[in-house]
Amino acid sequence: MNTTNFLIITAIVIYLLMMLVVGFRFSKRTSNSEDFYLGGRKMGPLVTAMSAEASDMSSWLLMGLPGVAYLSGVADAAWTAIGLGIGTWLNWYFVSRRLRRYSQNIGAITVPEFFSKRYHDKSNTLNALAAVVIIIFFIPYTASGFAACGKLFNSLFGVNYTVAMIVAALVIVGYTIMGGFGAVSTTDLIQSIVMTVALVTVLTYGISSAGGWGAVVENAQSLSGYLSLSATHDPTTGSAIPYGALSVASCMAWGFGYFGMPHILLRFMAIEDEKKLVLSRRIATVWVFIAMAVAIIIGIVGLGMTNAGALGFLEGSSSETIIVKIAGLISQHGMLAALIAGVILAGILAATMSTADSQMLAAASSVSQNVLQDFFHIKLTEKQSLFIARITIAAIAILGVVLARDPNSSVFGIVSFAWAGFGGAFGAVMLCSLFWKRSNKWGALAGMLSGGATVFIWKYLVRPLGGAWNIYELLPAFFVSLLFIIVVSLLTAVPDEDQLKEFEAAK
């Protein structure tokens, strides 16, 4: 091993050890389920904002988004980012405060439990169904994070892809099992800072290597459709492909996903004071827009580097390693540069870990709290409940590693499917539960089932037909779910008086 690689690995190892230390410290503060799943509802506004967005952005911010921009230009990446930015703001503005108040009023500490208690579902069918949805879609989401870790170490050091995944999974599982929500949120705050440093450093170096900003823009302008919002660039033919209104709507539909993301919604429920969500919203929204804009620009700059001969051309899913490749170039400029490269690579790990830990925690709460205790009525002590939650985290990590064993799998592709799953199954249900008092249990059940099913049906049966049918599965799933909630709720019984009083109290 040469000095450069040693320094890079040293920086990464120090970072990983820091995460484990945080987990260990929070393990001493975790004594019951509310501590483990919601941090005792004691999170401050900065931690709430940055942990929510770090867990949201995942590895696709530093791998998927720059990779898409690198290959096909601005349109796909920009419209997706615009949809996500708007969705972020809407979620913080409309959902956060009411969900925080409502969940505390009815004593809910998980998203499935909120649905069940909101609709007075004594059978806990809603609770169990929501838990199953979380498990189904979080496993591939977690797998995408492990795939990102494998690609990172394999492309830079030639380390075996599977071995790299397993090591990353062990660290994530370690601090999540020890510290629960408090550890996850605090490490997410640290990880958002590391991600920011990585983005700024890569962008600055990339522009310099490409011959300056003017050279980057000139190269992009020379490619047909590359900088257009109404066309996309085809790298195989060099031509522009029209980007119509349907494609724009399909990309912007990503914004609907926010209303159904359990790991983000939990942040709203966990803040110490709902009034502080205003500050959290401002911090989160600004960071998200800037981070996504920089990630897209890095993709454009990367292609400028290729044109300048500083970087080889990246084809297919290998385009997602663009920041890894740039970090490798930075590391060649001395010992300090090698350490900086290590921090950049730690930033990619941070993006991965900040999402995977939150997802595994939400899935663990679904099994221990929502399925075993609420649905099957198995009585567990606090220690038994936490033990089962921790075992679930380990099991999900194992399944994630198995699903991500193919090194050619696309991080962006896996994330987009899981994102659609949550947005389709939970998005409309969450909005109706908070803002439409006439909605009832049967409508929520119908909406959850129809939305989740539509994601699979559209993805594998309808979308392959192409043409007008080739739209992101979240868009039809969200509106199918909303339609079912409205129709079924209106055809079934009006909510009882207690439900209506709880709804008014949460306004």
Side-chain angles (χ1 to χ4, degrees), residues 1-22 54 59 61-63 66-67 70 148-161 163-168 170-172 174-175 187-213 215-216 291 294-295 297-299 301-306 308-314 318-354:
M1 179 186 297
N2 59 39
T3 304
T4 298
N5 284 353
F6 174 78
L7 290 171
I8 291 174
I9 292 174
T10 298
I12 293 173
V13 169
I14 291 172
Y15 168 76
L16 295 177
L17 288 174
M18 283 174 56
M19 299 302 99
L20 289 173
V21 168
V22 171
S59 53
L61 174 68
L62 296 183
M63 297 188 80
Y70 177 91
C149 292
K151 286 185 178 185
L152 190 158
F153 287 102
N154 178 259
S155 63
L156 192 65
F157 304 117
V159 176
N160 181 274
Y161 173 81
V163 172
M165 280 200 304
I166 292 172
V167 171
L170 288 173
V171 174
I172 298 168
Y175 72 74
T187 54
D188 284 355
L189 171 61
I190 297 169
Q191 287 156 357
S192 67
I193 296 170
V194 176
M195 288 160 64
T196 303
V197 171
L199 285 167
V200 172
T201 305
V202 167
L203 179 62
T204 304
Y205 178 84
I207 291 173
S208 175
S209 298
W213 181 246
V216 171
V294 172
I297 294 170
I298 285 173
V301 169
L303 195 61
M305 292 174 67
T306 297
L311 186 70
F313 184 71
L314 304 174
S318 66
S319 65
E320 294 182 340
T321 64
I322 182 171
I323 289 183
V324 178
K325 300 295 186 185
I326 295 174
L329 294 175
I330 292 173
S331 70
Q332 297 171 13
H333 295 276
M335 295 178 63
L336 179 60
L339 287 172
I340 293 172
V343 172
I344 293 169
L345 297 174
I348 297 178
L349 281 178
T352 301
M353 294 164 67
S354 61

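None of these values were measured; they are calculated from a predicted model. Numbers here are sequence positions counted from 1.
Residues L329 and A310 share a closest heavy-atom pair of CD1-O, 3.4 Å. Contact between S331 and I8 at its shortest, heavy atoms only, is CB-CD1, 3.5 Å. Closest approach of A11 to V343, counting heavy atoms only: CB-N, 4.2 Å. Between G312 and T306, the shortest heavy-atom contact is O-OG1, 3.6 Å. Closest non-hydrogen pair, Y70 versus S319, comes out as CD2-CB, 4.0 Å. The minimum heavy-atom distance linking A341 with A327 is given by the pair CB-O, 3.3 Å.
Expressed to the nearest 0.5 Å, how far CG of L314 lies from CE of M305 amounts to 10.0 Å. One distance of note links CD1 of I166 with OH of Y161; it measures 11.0 Å at 0.5 Å rounding. Distance check: I298 CD1 to I326 CD1 gives 6.5 Å after rounding to the nearest 0.5 Å.
At least one side-chain heavy atom of M335 sits under 4.5 Å from a side-chain heavy atom of L7.
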Sequence neighbours left out, cut at 3.5 Å: what donor-acceptor pairs do the side chains of residues 199-212 make with other protein atoms?
| from | atom 1 | to | atom 2 | distance (Å) |
| --- | --- | --- | --- | --- |
| T201 | OG1 | V197 | O | 2.8 |
| T204 | OG1 | V200 | O | 2.9 |
| Y205 | OH | H333 | NE2 | 3.0 |
| S209 | OG | Y205 | O | 3.1 |

